[in-house]
Structure formats: C-alpha cells, structure tokens
Asker: 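Below are the structure tokens for one structure; questions will follow.
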Amino acid sequence: MLLETTNLTKKFGGLTAVDDVNFGIEEGKINAIIGPNGAGKSTFFNLVSGYYPPTSGEVYFKGQDITHLSSNKIAKLGIARTFQTTNLFEKATVLDNVIVGHRLRTSSNLFDAVFRTPRLKREEQKCLNKAYEVLDFVDLTNYAHRVVENLTQEQKKRVAFALALATDPELVFLDEPAAGVNPDETDGLAIMMKKMVDHGITVCLIEHKMQMIMSIAEKIMVLNFGKKIAEGTPDDIMNHEDVIKAYLGGEQHAEVK
Ligand SMILES: Nc1ncnc2c1ncn2[C@@H]1O[C@H](COP(=O)(O)OP(=O)(O)OP(=O)(O)O)[C@@H](O)[C@H]1O
C-alpha cells in the first residue's frame, strides 16, 4: 500500500466524522472514496493530507508514520491535493497560478528574494520550466497567459490538476474533480486521471458522479456516517447490500449522474 490508515478517527465535539477507518491506497491505481453527503469523505482527505490532526489512529505513507506531520511537510513527501472549491487566484494568469504551486518545493528565502541571488534566479527558471511541463500535461499550454476567471469550469479543474502536479507528487488526492462540469468534460477529466496513473502517479479521488467512478476506479471505499461500510472493485461495490441501503435508505442521497 502506498498510503495506509489504521483506526483513523476524527471527532468534532459529539460528532464522529471519520470513525475507525482502516484503508489502504493502492499504488499505481485510481482509488476512490464515495458515500452520501456528510459521510466524512472530505474530513478523511483533510486527515491524510495533514489539514486536520486526527483524534486517534495513524496514517502511514510508504511505511512512514505521517500522522502528526503538517500539511506542508506531507506535501514535500510527495502527496498533493486539490480542493472541492478550486482555490485558484481568479485574477492571475494560469501560468502564475501554477508557479505558486511549485514554489512550495523550492527553498529560496527572503534574503534570496531581496538580493536576487543566483539561487533565486535558478529556482525561478526551474519553476517556470515545471509550470510549462505540467500545463502541457493537462493540455493547457495555449492558455498559459489567460486570466483564470475567463476559463471554463473544466479548464479551471485542469489548472487545479496542474497545480497539484507541479509539486511532483507520487500520490494526488482529488476532491470532487468533476463537480460542476458537463458529461463530455467529465470524460475528458477521467482521461486526464488515467494519464496521471500512466505516468506513475497514484490517484485517490472523492466523487459523487457514480458513472465516472464505476468506469475509472480500480479500488473504492464507501463511507457512511464516518464508517467504512464497504471496500473493493466497482463490481463488489455496486452489488454490496450495505452500499445500496446507504444510498437508497434514509434521507441522504448521493447525486447519481
Ligand atoms: N470543521 C468541522 N467542524 C465541525 N463539523 C464538521 C467539520 N467538518 C466536517 N464536519 C461534519 O463532519 C461530517 C462529515 O463531513 P464531510 O464534509 O467530511 O463529509 P463529506 O462526505 O465530504 O460530505 P459532502 O459529500 O457533502 O462533501 C458532517 O456531519 C459535517 O457537518
């Protein structure tokens, strides 16, 4: 397993948002986390990427205990993530947005910036090269100088992918990558995720679009009220009694498109 959680739990006051979850993310695959609204998917992402400390349990990345590392340190180990509401600088260009993503990996400090040291210049060049490399990967080279607010929703999603890829991750967490895009664009984003895997990057996504998940994911975990209720291949999940109940029972419904 590339990343593993053991008994991972997060409580917010009296509410257990993630409840004793053991899950392994398989290397070189598209892994997915599904579940009705409020099931704990985003909280799980926030725990494994260091944005929230867990109440209990552990997170291991390549065998290393990363449970109490900051999100920055986790990013530097090779884990990247995107957010549900794409947090891009709308007034900046695509290129500038991606360069900011890459700065995370570079080491120049205020001294370098003030005195424009050779190290800073080398790093700026490296950032620029990397930004163009990832924009090429997501087919946005021709949009490098466009201001983000003028892009389509799907193009913004691809900028978010580029931002994540600019940090050279081994594992990317994608939070609802296809939310708010039309079916054709959803197919394009699915192809993009397969391309990441083909380039050796392991993918783990949260998604409500069942059709897409069932066609691309190789391993799925289902959460309901914070608990893992099923895990397996799309076939295992589609036929799992508890999953069917979770989606059809009660008042909570996932958006099935
Ligand atoms: N920071 C927080 N403080 C208090 N409660 C929270 C916090 N974050 C999430 N929760 C609660 O934890 C539960 C799980 O929420 P979470 O956002 O992880 O679910 P989700 O599966 O991602 O939902 P959705 O599909 O709607 O995005 C919900 O009941 C939510 O209200």
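Just so you know, ligand 1 is whichever comes first in the structure, and atom 1 is the first atom listed for that ligand.
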Asker: Give every residue pair that meets the salt bridge (Lys or Arg N to Asp or Glu O under 4.0 Å) criterion with at least one member in residues 2-13, sequence neighbours excluded.
Answerer: none
Asker: Please, which pairs that meet salt bridge (Lys or Arg N to Asp or Glu O under 4.0 Å) have at least one residue in residues 42-69, sequence neighbours excluded?
Answerer: Lys62-Glu170
Asker: Is the ring centre of Tyr52 less than 6.0 Å from the ring centre of Phe12?
Answerer: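 Ring centres of Phe12 and Tyr52 closer than 6.0 Å.
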Asker: Run through Lys126, Gln125, Glu133 and flag the one making a side chain to side chain donor-acceptor pair (under 3.5 Å) with Asn129.
Answerer: Gln125
Asker: List the protein residues in contact with ligand 1, where contact means a heavy-atom separation under 4.0 angstrom.
Answerer: Phe12, Leu15, Ala17, Pro36, Asn37, Gly38, Ala39, Gly40, Lys41, Ser42, Thr43, Tyr52, Gln84, His208
Asker: How far does CG of Leu174 sit from CD1 of Ile30, to the nearest 0.5 angstrom?
Answerer: 9.0 Å
Asker: Which pairs count as salt bridge (Lys or Arg N to Asp or Glu O under 4.0 Å) when at least one residue sits in residues 139-154, sequence neighbours excluded?
Answerer: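 For residues 139-154: Lys91-Glu149, Glu154-Arg158.
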